[in-house]
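Computed over heavy atoms, backbone and side chain alike; hydrogens, waters and symmetry mates excluded. All ligand and atom numbering here is 1-based and tracks the order in the structure. Just so you know, residue 1 is the first one in the sequence shown, and it goes up from there.
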Amino acid sequence: MQSLFRQVPSIDKLLRHPQAVEFLQQFAHTAVVDALRTLLTEARSFIQQQHQLPDYLANESTLFAALHERLNQTHQPNMRPVFNLTGTVLHTNLGRSLWSEKAIEAASDAMRHNVALEFDLAQGSRSHRDNYISALMQRLVGVEATCVVNNNAAAVLLMLATFAAGKEVIVSRGELVEIGGAFRIPDIMKQAGCTLVEVGTTNRTHLKDYRQAITENTAFLMKVHTSNYHIEGFTSSVSEAELVELGKEFGLPVISDLGSGSLTDMQALGLPAEPMVQEKVAAGVDLVSFSGDKLLGGPQAGIIVGKKALIDQLQAHPLKRVLRCDKVILSGLEVTLQSYLTPEKLTQTLPTLALLTQSVETLTQKAEQLRAVLCKRLDSRYELQIEPSLAQIGSGALPSEKLPSVALTISAESQADLLALENQFKQLPNPIIGRFAQQKFWLDLRSVAQFESLLAMLETAELK
Ligand SMILES: *Cc1c(COP(=O)(O)O)cnc(C)c1O
């Protein structure tokens, strides 16, 4: 063992090697020494455990190859692009919506340059960072004003903290939802310091339930869109319009958390219905909040639209300063919203809507192309088949509302072979993410963007 340990070279000696000098120029001293130290520490513990040298200590060239790989690895982003073949288009774990090309351009301009973020170019004076979005929302949905924050959870928190701290908020029991990732309406209420007053039962809530719950201490009436679940059978809920009537009677605002919400009619695009922001505004709801990176198809943001007097109060709350968006997000959001001024082209401009509205024929053609490439890359252990599949919108859209789709399924005699393949897919330069079902690995074509790049990567990928 001692002789093995003596074969581990010293850092000083290695640093004088011409190969190291080259790396020093490229990566500089700190990174090279760090990587060398890690490699040599690993080598010593390998010797301790295995009583032999690790392969990379065979000679100088293997050692420097290992060092180069390490250095490259640490300079590569870990959060790299993946191909989403899960069948869930808005996949929270995979970053939800993809931006339009124009939004990407605007955002990268904003990164590279100073922008008129809080500067009125016409007046030459200071302005507000939400003004551009506010003007667009006024045009698109006819609201008085808009407030933009980090995400919709933040939007709900800000509305509650501003209007209901130390007060009561009335919500139907059937709407006390948990949205994935630990967003629970009752928890947000607690954080905002308000008291939740639950009314009705899980399946039925009536207007009189709200009426009876109103006290001197009521701050507002709240509706939460139960985006991710659905109760069937003996059910009843109170519409926004009815709540608005009741609110007027008692001088109470009505607030609606729409979750995804949409600015365009999803049914007209052949998709499951989703409540529209315009409808809620038209029904007289005082404040409506929704996400920027769900069906809207833009950056992560929480958008609150509604009455100016209330929006002004949100803007003045100290939490707004904590939750505000930066220039990159706001410029991406502005350009995303501008796309809605040309609704005829939404399914071309917004990648999310483009994916969701692809025809089954298009998906079948893609499945055939994918099969042709994979056939060449995989050996006879694997069997490929094109099958009908059910995709979903994701991110709080109803999971029961499936979208017809097409998948390439891969099966193998041995489960181990199938797992090994899934693992190889995950190791690719741009990992492929699919899903297991019925002992097969499913690659659903509905959710994958940049399809040509996927084919190109697979053409040259090293798959065993
Ligand atoms: C998704 C969702 C939220 C949370 O929105 P984020 O933008 O993810 O913070 C809140 N409420 C409802 C009803 C939702 O569907």
Side-chain angles (χ1 to χ4, degrees), residues 88-99 133 137 146-161 164 169 171-192 194 196 198 205 220-231 237 239-240 243 254-263 266 271-277 279-280 285 287-306 314 319-320 322-326 329-330 332-333 336-337 352 392-401:
T88 300
V89 175
L90 294 171
H91 199 302
T92 298
N93 305 145
L94 302 180
R96 290 192 188 160
S97 69
L98 307 173
W99 300 18
I133 307 294
M137 291 308 298
T146 300
C147 172
V148 189
V149 287
N150 178 56
N151 56 18
N152 188 38
V156 174
L157 177 69
L158 180 61
M159 293 191 292
L160 292 170
V169 177
V171 189
S172 160
R173 218 165 242 127
E175 297 175 7
L176 294 175
V177 291
E178 173 177 309
I179 314 293
F183 175 88
R184 284 180 169 185
I185 290 292
D187 294 342
I188 303 276
M189 295 250 178
K190 218 177 281 167
Q191 278 303 316
C194 31
L196 167 67
E198 302 173 35
T205 302
F220 57 73
L221 311 174
M222 185 172 188
K223 281 287 279 183
V224 181
H225 180 55
T226 55
S227 27
N228 57 1
Y229 89 111
H230 180 66
I231 304 184
S237 65
S239 74
E240 271 86 353
L243 272 192
V254 175
I255 286 181
S256 170
D257 168 16
L258 269 195
S260 185
S262 175
L263 296 181
M266 289 290 143
L271 295 168
E274 184 70 30
M276 289 172 72
V277 179
E279 290 166 5
K280 305 301 169 191
V285 175
L287 292 174
V288 182
S289 82
F290 54 101
S291 289
D293 59 351
K294 291 184 178 174
L295 276 173
L296 189 78
Q300 180 189 300
I303 304 159
I304 310 169
V305 299
L314 293 175
L319 258 187
K320 169 62 208 281
V322 177
L323 302 171
R324 75 180 186 188
C325 294
D326 77 333
I329 297 297
L330 287 170
L333 184 59
T336 304
L337 289 173
T352 301
Q392 54 181 329
I393 296 176
S395 271
L398 265 189
S400 55
E401 297 264 23

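You'll find the side chain of Gln191 reaches within 4.5 Å of the side chain of Leu157, heavy atoms only. Side-chain contact check for Thr352 versus Arg96: every heavy-atom pair is 4.5 Å or farther apart.
Among the atoms of Asp293, none of the N or O lies under 3.5 angstrom from an N or O of ligand 1. At least one N or O atom of Ala153 sits closer than 3.5 Å to an N or O atom of ligand 1.
Every atom of ligand 1 is numbered from 1 in the order shown, and the set under 4.0 Å from a heavy atom of His225 is 13 (C). Less than 4.0 angstrom separates some heavy atom of Arg96 from each of these atoms of ligand 1: 6 (P), 7 (O), 8 (O). Taking every non-hydrogen atom of Lys294 and a distance limit under 4.0 Å, the qualifying atoms of ligand 1 come out as 1 (C), 2 (C), 3 (C), 5 (O), 14 (C), 15 (O). In the vicinity of Ser291, heavy-atom distances shorter than 4.0 Å reach the ligand 1 atoms 5 (O), 6 (P), 7 (O).
No donor-acceptor distance shorter than 3.5 angstrom exists from the side chain of Asn152 to the backbone of Ala155, with no hydrogens or angles considered. Judged by distance alone, with hydrogens and angles left aside, the side-chain atoms of Ser97 form a donor-acceptor pair with the main-chain N or O of Gly298 at under 3.5 Å. Under the 3.5 Å distance criterion, the side-chain polar atoms of Glu401 are left unmatched by any main-chain donor or acceptor of Gln392. A donor-acceptor pair is defined here as one N or O able to donate and one able to accept, closer than 3.5 Å; such a pair exists between the side chain of Ser260 and the backbone of Leu295.
Residue contacts with ligand 1, taken as heavy atom pairs separated by less than 4.0 Å, do not involve Arg184 at all.
The closest approach between a heavy atom of Val156 and any atom of ligand 1 is not below 4.0 Å.
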